[in-house]
Amino acid sequence: MNKKLISLFVVIVMVSVNLVFAVSANAALQASPVFATKSAGLSASKSGSMTATTSVVCKKIYVSAVRLQRKSGTSWIDVGSLPCPTTTSVNDDSFVATKSYSSYCTSGNTYRIIVTFNADGYAATATSNSASY
């Protein structure tokens with residue numbers, strides 16, 4: 001009787017361990033990013049450029065947030081939210097947009113933008129180069 005109980009216990013433990021590994025592997029697949037590349041830029045003309053590519057065709061790719069930061073010494077200070085471009089890529093694996101931010105960047109300062117892309121519910125951010133005006 002004891003041998004049967006021990007054998008049953010070993011089988012239950014082995015099944016449980018396999019189940020845990022299967023669930024964690026599935027969670028890792030769902031957490032993997034769909035973005036292959038992403039970039040943001042801030043030009044001398046105070047225009048923001050945003051590009052992204054995905055590893056699969058997505059129903060919808062767009063920019064969900066743009067933040068402006070100003071350099072203060074060696075630190076970056078969050079200035080606030082900027083309007084997002086209205087461009088949306090539909091049933092595609094790439095996204096390109098530009099937006100003028102000339103009214104938000106004043107002379108005598110250095111800025112950068114942080115762009116959040118969204119592709120079918122997956123989010124990824126990109127930080128632009130710094131630009132001095």
I'd like to know if Val79 and Val115 are part of one continuous hydrophobic network [Ile/Leu/Val/Met/Phe/Trp/Tyr, side-chain heavy atoms within less than 4.5 Å].
yes

Stepwise, does the side chain to side chain contact (heavy atoms under 4.5 Å, CB included) test hold for Ile61 with Thr88?
CA-CA 6 Å; Ile61 308 170; Thr88 300; over 6 Å; no

So, do Thr87 and Phe95 sit near enough that their side-chain heavy atoms are less than 4.5 Å apart?
yes

Run the side chain to side chain contact (heavy atoms under 4.5 Å, CB included) test on Val57 and Thr54 for me, step by step, so that the C-alpha distance in whole Å, both residues' side-chain angles and the decisive distance to 0.1 Å come before the verdict.
CA-CA 7 Å; Val57 171; Thr54 57; over 6 Å; no

Can you tell me how far CG of Leu42 sits from OG of Ser47, rounded to the nearest 0.5 angstrom?
8.0 Å

For a side chain to side chain contact (heavy atoms under 4.5 Å, CB included) check, start with the C-alpha distance between Val63 and Asn118, then their side-chain angles and the critical distance, and finish with the verdict.
CA-CA 6 Å; Val63 170; Asn118 189 296; over 6 Å; no

Closest contact, heavy atoms only, Ser94 versus Ser89
O-OG, 2.8 Å

Side-chain touch Ile113/Leu82, heavy atoms, less than 4.5 angstrom:
yes

For residues 81-106, pull every pair meeting salt bridge (Lys or Arg N to Asp or Glu O under 4.0 Å), keeping only residues two or more places apart or in separate chains.
none

Who passes side-chain hydrogen bond (donor to acceptor under 3.5 Å, both in side chains) against Ser45, sequence neighbours left out?
Ser43

Would you please name every residue forming a side-chain hydrogen bond (donor to acceptor under 3.5 Å, both in side chains) with Ser132, sequence neighbours left out?
Thr110

Tell me whether the rings of Phe35 and Phe117 are parallel (<30°), tilted (30 to 60°) or perpendicular (>60°).
tilted

Shortest non-hydrogen contact from Tyr101 to Gly48?
CD1-N, 3.9 Å

Measure from the side-chain N and O atoms of Thr53 to the backbone N and O of Thr37, and report whether any donor-acceptor pair falls under 3.5 Å.
yes

With side chain to side chain contact (heavy atoms under 4.5 Å, CB included) as the test, would you mind laying out the steps for Arg112 and Thr127 before giving the verdict?
CA-CA 7 Å; Arg112 70 180 182 184; Thr127 301; 3.7 Å; yes

Please set out all donor-acceptor pairs under 3.5 angstrom arising from side-chain atoms of residues 102-109, sequence neighbours excluded.
unit_1, atom_1, unit_2, atom_2, d
Ser102, OG, Ser100, OG, 3.4
Thr106, OG1, Asn109, ND2, 2.8
Thr106, OG1, Tyr111, OH, 3.0
Asn109, ND2, Tyr111, OH, 3.4

Pairs flagged by salt bridge (Lys or Arg N to Asp or Glu O under 4.0 Å) wherever residues 58-77 is involved - sequence neighbours left out:
Arg67-Asp78

Between Thr116 and Ser64, do the side chains contain a donor N or O and an acceptor N or O under 3.5 Å apart?
no

Smallest separation among heavy atoms of Val66 and Cys84, with atom names:
N-SG, 4.0 Å

Could you tell me which residues satisfy side-chain hydrogen bond (donor to acceptor under 3.5 Å, both in side chains) with Thr98, sequence neighbours excluded, listed by chain and number?
none

Minimum side-chain heavy-atom gap Ile114-Gln69 below 4.5 Å:
yes

